[in-house]
Peer 1: 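What follows is a single structure, and I will ask about it in a moment.
All heavy atoms count here, side chains included; hydrogens, waters and symmetry mates do not. Along the sequence shown, residues are numbered consecutively beginning with 1.
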Amino acid sequence: MDEIVHNTLSINGLTLHVAEMGRGPIILFLHGFPECWYTWRHQMIFFARHGYRAIAPDLRGFGDTTGAPISDPEKFTTLHVVGDVVSLIDAVAPPDDQRVFVVGHDWGAIIAWSLCLYRPDKVKALVNMSVIFSRRNPSRRPLETLRGVYGDDYYICRFQKPGEIENEFAQIGYKNVLKHFLTYRNPGPLYLPKGKPFSDDPIALPSWLSEQDIDYYTSKYEATGFTGALNYYRALDKNWELTAAWTGAQIKVPVKFIVGDVDLTYNAPGAKEYIEKGGFKKDVPLLKEVVVMKNVAHFSHEEKPDEVNAHILNFFKSCFISNCSAL
């Protein structure tokens, strides 16, 4: 990773770690859980070579970004994180063009959807992966709904009690925990039974994930722990409370969506129907394409980087040529 430049920026009370590479129009890459900027290594190299400036921050609570009050999950709402992202765009984008291309995955996709809701003026176009847009339901609190559908052992429910799952992860070992998450290929929901969240079966790494990759992620979580990352899940109900003003709002930037057919998010109840029967297009009227990658799981941009890179490049090229006006 010698060609990737690492900087820190003072933003919103944080010391924000930012990796970047290349020159040209900015593509802002937003990572998910349990990752950091490193998840975008393949994309950064590719797009730098194709005339773009690739920028990938560690979001608050992750990696080498410091300063977030991890003891307070309510400081990890989408409003807080989008505030960080907007401040980052203000800092890196040229004064005469404060809009950027955005790519998001997992929690990064949720943050990207939220960025497009709150500040569409900052986004030229969006490629989101794995997590579809979720319109706010004013009559259903998120955690109550998830517990009702999946039960208490569902991973998001298990993440809710501060300290509990962190202690279990520490006993298992960060490296083993990350191996389990990053190699998960079951299209069904992820359950983490209390006291024994993972099986004892040995994990064989797939060809796209090396021991070096695992070691990099492990080094970051050994330094910070998991609390900052888990706070995103612990702020779900607070997000719901704070975003009543956006009930019924649409995403009004050009969008391409990519998901693997083995991704647990694609196989969640109602997801395929939402995508295929018009709900997604209604909520995201400038949705131009949905790509369902065959035999690909959650981390599509790591598992199939060449295919994902081509999809992103083709979409942003069409946007750049037309200045997005024709989309």
Side-chain angles (χ1 to χ4, degrees), residues 4-21 26-41 43-44 54-93 100-119 122-123 126-131 134 156 159 166 178 181-182 216-236 238-239 242-243 298-299 301-302:
I4 294 176
V5 176
H6 296 267
N7 295 307
T8 57
L9 300 172
S10 296
I11 284 176
N12 291 349
L14 307 177
T15 300
L16 190 78
H17 170 248
V18 178
E20 70 170 278
M21 186 177 185
I26 292 173
I27 304 179
L28 183 62
F29 292 93
L30 302 177
H31 68 81
F33 175 88
E35 301 158 287
C36 60
W37 76 269
Y38 185 82
T39 193
W40 298 114
R41 59 199 179 279
Q43 284 70 43
M44 296 184 75
I55 296 179
D58 287 340
L59 298 177
R60 68 165 56 202
F62 286 90
D64 293 325
T65 288
T66 60
I70 64 170
S71 62
D72 185 0
E74 293 192 353
K75 295 298 192 293
F76 288 78
T77 70
T78 55
L79 289 166
H80 288 88
V81 185
V82 169
D84 301 339
V85 172
V86 170
S87 294
L88 173 59
I89 294 171
D90 289 343
V92 299
V100 300
F101 294 114
V102 180
V103 178
H105 171 259
D106 188 78
W107 262 106
I110 295 173
I111 298 305
W113 292 127
S114 299
L115 172 65
C116 292
L117 273 182
Y118 309 154
R119 293 298 303 272
K122 293 295 185 181
V123 182
L126 168 65
V127 174
N128 249 356
M129 288 181 277
S130 184
V131 180
S134 181
I156 294 176
F159 286 170
E166 289 97 322
L178 289 162
F181 279 129
L182 293 169
Y216 186 89
Y217 287 126
T218 300
S219 70
K220 299 307 172 184
Y221 281 97
E222 285 179 341
T224 65
F226 276 94
T227 299
L230 296 176
N231 280 341
Y232 286 69
Y233 299 92
R234 293 168 181 162
L236 282 173
K238 179 56 67 172
N239 287 332
L242 294 176
T243 56
H298 186 62
F299 301 96
H301 58 297
E302 294 202 58

Peer 1: How many angstroms lie between CG in Asp90 and CZ in Arg119, if you round to the nearest 0.5 Å?
Peer 2: 7.0 Å
Peer 1: If you define the side chain from C-beta out and look only at heavy atoms, does anything of Tyr216 sit under 4.5 Å from Leu178?
Peer 2: no
Peer 1: Are the side chains of Leu230 and Glu166 in touch, meaning some heavy atoms are under 4.5 Å apart?
Peer 2: yes
Peer 1: Would you mind reporting whether Arg60 and Ile11 have side-chain heavy atoms less than 4.5 Å apart?
Peer 2: no
Peer 1: Does any non-hydrogen side-chain atom of His301 lie less than 4.5 Å from one of Phe29?
Peer 2: no
Peer 1: Which of these passes ring pair (Phe, Tyr, Trp, His ring centres under 6.0 Å) with Phe33: Trp107, Phe181, Tyr232, Phe76?
Peer 2: Phe181
Peer 1: Going from NZ on Lys220 to OG1 on Thr218, what distance comes out if it is rounded to the nearest 0.5 angstrom?
Peer 2: 11.5 Å
Peer 1: Check the pair Val103 / Gln43 against side-chain contact (heavy atoms from CB on, under 4.5 Å), numbers first and verdict last.
Peer 2: CA-CA 10 Å; Val103 178; Gln43 284 70 43; over 6 Å; no
Peer 1: Please confirm whether the backbone N or O of Gly61 pairs with a side-chain atom of Asn231, one donor and one acceptor, at under 3.5 Å?
Peer 2: no
Peer 1: What pair of heavy atoms forms the shortest contact from His31 to Pro57, and how long is it?
Peer 2: CD2-O, 3.2 Å
Peer 1: Within this structure, what is the CG-CD1 distance for the pair Asp84 and Ile89, rounded to the nearest 0.5 Å?
Peer 2: 11.0 Å
Peer 1: For residues Leu9 and Ala91, report the shortest heavy-atom separation together with the two atoms involved.
Peer 2: CD1-CB, 4.3 Å
Peer 1: For Glu74, is there any backbone N or O sitting under 3.5 Å from a side-chain donor or acceptor partner on Thr77?
Peer 2: no
Peer 1: Supply the atom-to-atom distance His17 NE2 to Asn7 CG, rounded to the nearest 0.5 angstrom.
Peer 2: 8.0 Å
Peer 1: Write down the atom of Ser87, the atom of Asn12, and the distance for their closest heavy-atom approach.
Peer 2: OG-OD1, 3.3 Å
Peer 1: Would Arg234 and Thr227 satisfy side-chain contact (heavy atoms from CB on, under 4.5 Å), going step by step from the backbone distance to the final call?
Peer 2: CA-CA 10 Å; Arg234 293 168 181 162; Thr227 299; 3.9 Å; yes
Peer 1: Show the nearest heavy-atom pair for residues Phe62 and Glu35, with the distance to one decimal.
Peer 2: CD2-O, 3.2 Å
Peer 1: Please check if the side chain of Thr65 supplies one atom and the backbone of Asp58 the other of a donor-acceptor pair under 3.5 Å.
Peer 2: yes
Peer 1: Measure the OG1-CG distance between Thr78 and Leu242 for me, rounded to the nearest 0.5 Å.
Peer 2: 7.5 Å
Peer 1: Of all the heavy-atom pairs spanning Ala109 and Asn128, show the shortest one and how long it is.
Peer 2: O-ND2, 3.1 Å
Peer 1: For Gly108, does its backbone N or O pair with a side-chain atom of Asp106 as donor and acceptor, under 3.5 Å?
Peer 2: no
Peer 1: Supply the atom-to-atom distance Leu126 CG to Leu115 CG, rounded to the nearest 0.5 angstrom.
Peer 2: 8.5 Å
Peer 1: Output yes when a side-chain donor or acceptor of Trp113 lies under 3.5 Å from a complementary backbone atom of Val131, and no otherwise.
Peer 2: yes
Peer 1: Can you say whether the rings of His105 and Trp40 are parallel (under 30°), tilted (30 to 60°) or perpendicular (over 60°)?
Peer 2: perpendicular
Peer 1: Identify the two heavy atoms, one from Tyr217 and one from Glu302, that lie closest to each other, and give their separation to 0.1 Å.
Peer 2: OH-OE2, 3.0 Å
